[in-house]
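Numbering of ligands and ligand atoms starts at 1, following listing order.
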Amino acid sequence: MRRLRPVAMTGTPRPADALPLAGSGTVWWREALADGALRAAGDLPAEVRDRLSDPRPDLCGVPADRPLVMGILNVTPDSFSDGGAHYALEDAVRRARGMSAEADILDIGGESTRPGAKPVSVQAEISRVVPVIRAIRGSGIATPISIDTRKAEVAAAALDAGADMVNDVTALRYDPEMAALVAERGVPVCLMHSVADPETMQQNPRYDDVVPEVFDHLAERMAAAEAAGIARDRLIVDPGIGFGKSMAHNLALLRALALFHDLGAPVLLGASRKRFIGTIGGAEAGPDRMPGSVAVALHGAAQGVHILRVHDTAETRQALRLWGALGGTEEGQNHGA
Ligand code: 9MG
């Protein structure tokens with residue numbers, strides 16, 4: 001019977017004849033046949049099998065064999081104590097220290113990407129993030145740092161100050177210099193799906209079919225990154241929850257997350273405290289959305305997501321520990337009885 005395509009499935013226990021996603025106890029693959037039946041993925045071409053099931057590369061030196069927690073550290077003026085620059089810096093380092101107890105990576109950003117947010121200048125953004133990164137490194141915190149920016153000059157200054165990777169919500173499309181910078185520095189980069197820019201992105205987002213359109217966009221951005229000289233094993237992909245998406249789009253993407261492993265790169269999910277969590281969960285204020293955010297993070301982990309970008313690092317880590325012990329990761333399955 002003619003072979004059609006690999007199909008990502010989730011659930012435990014994994015059937016013995018299914019092809020596993022490396023490191024995951026819950027994501028596995030079947031092969032869809034022309035008559036719609038699903039069978040073991042044993043006959044898929046070797047290249048496809050490898051893309052689906054090969055272990056993902058280490059991320060900033062951290063093995064990606066369990067869901068990693070990326071702690072969000074925003075350094076916009078409204079994020080810290082208003083006692084002056086010195087106190088703001090101390091505050092940022094204290095938060096970084098607290099987060100790094102449970103986070104594998106810290107994501108530091110100086111320009112808000114919330115819907116409706118206004119852009120800030122390169123110099124303003126550098127003056128927000130660079131002193132914080134220097135102070136974090138100066139205080140001996142060694143947790144890998146991701147710089148959340150779409151601007152090459154900001155990324156370069158942050159990498160010089162001690163950051164280890166780039167998180168670009170425009171997938172290298174905003175600044176024509178960004179791809180060359182990432183290629184030259186050889187650092188990992190997160191390519192996130194977005195439409196338009198933060199100021200206008202939530203104005204009537206439209207797709208014919210959101211999941212394949214986001215998938216194809218990410219495949220195209222991976223190809224563009226490779227064409228610019230960025231090694232494939234430096235790429236991370238992200239469906240961009242909330243970036244030019246309605247509630248229905250966000251939910252469709254979250255349900256289909258496992259499909260994105262077919263891109264052959266680690267998958268990052270950022271849903272923490274976003275509006276749809278407040279709407280569905282009945283929580284207006286950001287911090288009140290923590291329980292819903294943890295629920296979505298666990299859903300992401302069950303779909304094999306490699307990096308969870310979250311505000312509430314300790315709560316997310318605790319939930320993941322329990323989830324792992326109950327069989328969520330290959331490592332967790334070996335947890336003593
Ligand atoms: C900066 N930022 C805000 N939301 C994000 C998300 O969902 N993913 C990534 N990679 N970055 C985000």
Side-chain angles (χ1 to χ4, degrees), residues 59-60 64 67-76 79 103-120 125 128-129 144-151 154-155 158 163-175 178 182 187-199 201-202 205 210 214 217-218 221-222 225 234-247 249-254 257 260 263 265-278 286 289 292-293 296-297 299-300 303 305-313 316:
L59 294 160
C60 305
L68 304 183
V69 173
M70 173 184 260
I72 301 168
L73 194 66
N74 289 325
V75 291
T76 47
S79 326
D104 300 288
I105 304 172
L106 301 172
D107 190 39
I108 297 182
E111 180 183 54
S112 176
T113 50
R114 285 206 190 110
K118 299 262 180 263
V120 299
E125 201 177 329
R128 291 175 185 178
V129 295
I145 292 175
S146 156
I147 175 67
D148 158 20
T149 186
R150 48 189 182 161
K151 299 175 193 136
V154 177
D164 303 274
M165 66 167 273
V166 175
N167 175 23
D168 182 350
V169 298
T170 73
L172 311 174
R173 287 178 304 142
Y174 178 79
D175 185 336
M178 187 65 118
V182 172
V187 292
V189 59
C190 179
L191 306 175
M192 197 198 78
H193 175 274
S194 62
V195 288
D197 57 23
E199 219 175 338
M201 66 189 179
Q202 287 306 95
V210 66
V214 170
H217 173 88
L218 290 174
R221 295 317 300 156
M222 289 177 78
R234 307 275 88 181
L235 302 178
I236 299 163
V237 291
D238 179 344
I241 299 299
F243 280 78
K245 282 126 192 151
S246 66
M247 160 109 76
H249 297 141
N250 288 328
L251 294 177
L253 287 165
L254 287 167
L257 276 176
F260 289 89
L263 290 164
V267 175
L268 188 151
L269 174 66
S272 181
R273 297 190 185 178
K274 287 191 177 166
R275 175 154 300 283
F276 78 99
I277 294 180
R289 299 178 188 167
S293 302
V296 177
H299 168 79
Q303 298 263 323
V305 163
H306 299 88
I307 309 175
L308 297 160
R309 182 180 184 275
V310 301
H311 296 84
D312 303 292
T313 49
T316 307

* Does the pair Leu172 and Arg221 meet the rule for a side-chain contact (heavy atoms from CB on, under 4.5 Å), with working shown? -> CA-CA 8 Å; Leu172 311 174; Arg221 295 317 300 156; 3.9 Å; yes
* Is the closest side-chain heavy-atom distance between Leu254 and His249 below 4.5 Å? -> no
* To do: May I have the step-by-step check of side-chain contact (heavy atoms from CB on, under 4.5 Å) for His217 and Met222, ending in yes or no?
  => CA-CA 9 Å; His217 173 88; Met222 289 177 78; over 6 Å; no
* Asked: Got more than 12 heavy atoms from elsewhere within 6.0 Å of CZ, Arg173?
  -> yes
* Asked: Under a 4.0 Å heavy-atom cut-off, what residues line ligand 1?
  -> Thr113, Asp148, Asn167, Val169, Cys190, Met192, Asp238, Phe243, Leu268, Gly270, Lys274, Arg309
* Structure fact -> Across all chains, not counting sequence neighbours, the salt bridge (charged side-chain N to carboxylate O under 4.0 Å, His left out) partners of Arg150 are Glu111
* With the side chain counted from C-beta on, respond yes when Ser112 and Asn74 share a heavy-atom pair under 4.5 Å apart, and no when they do not. => no
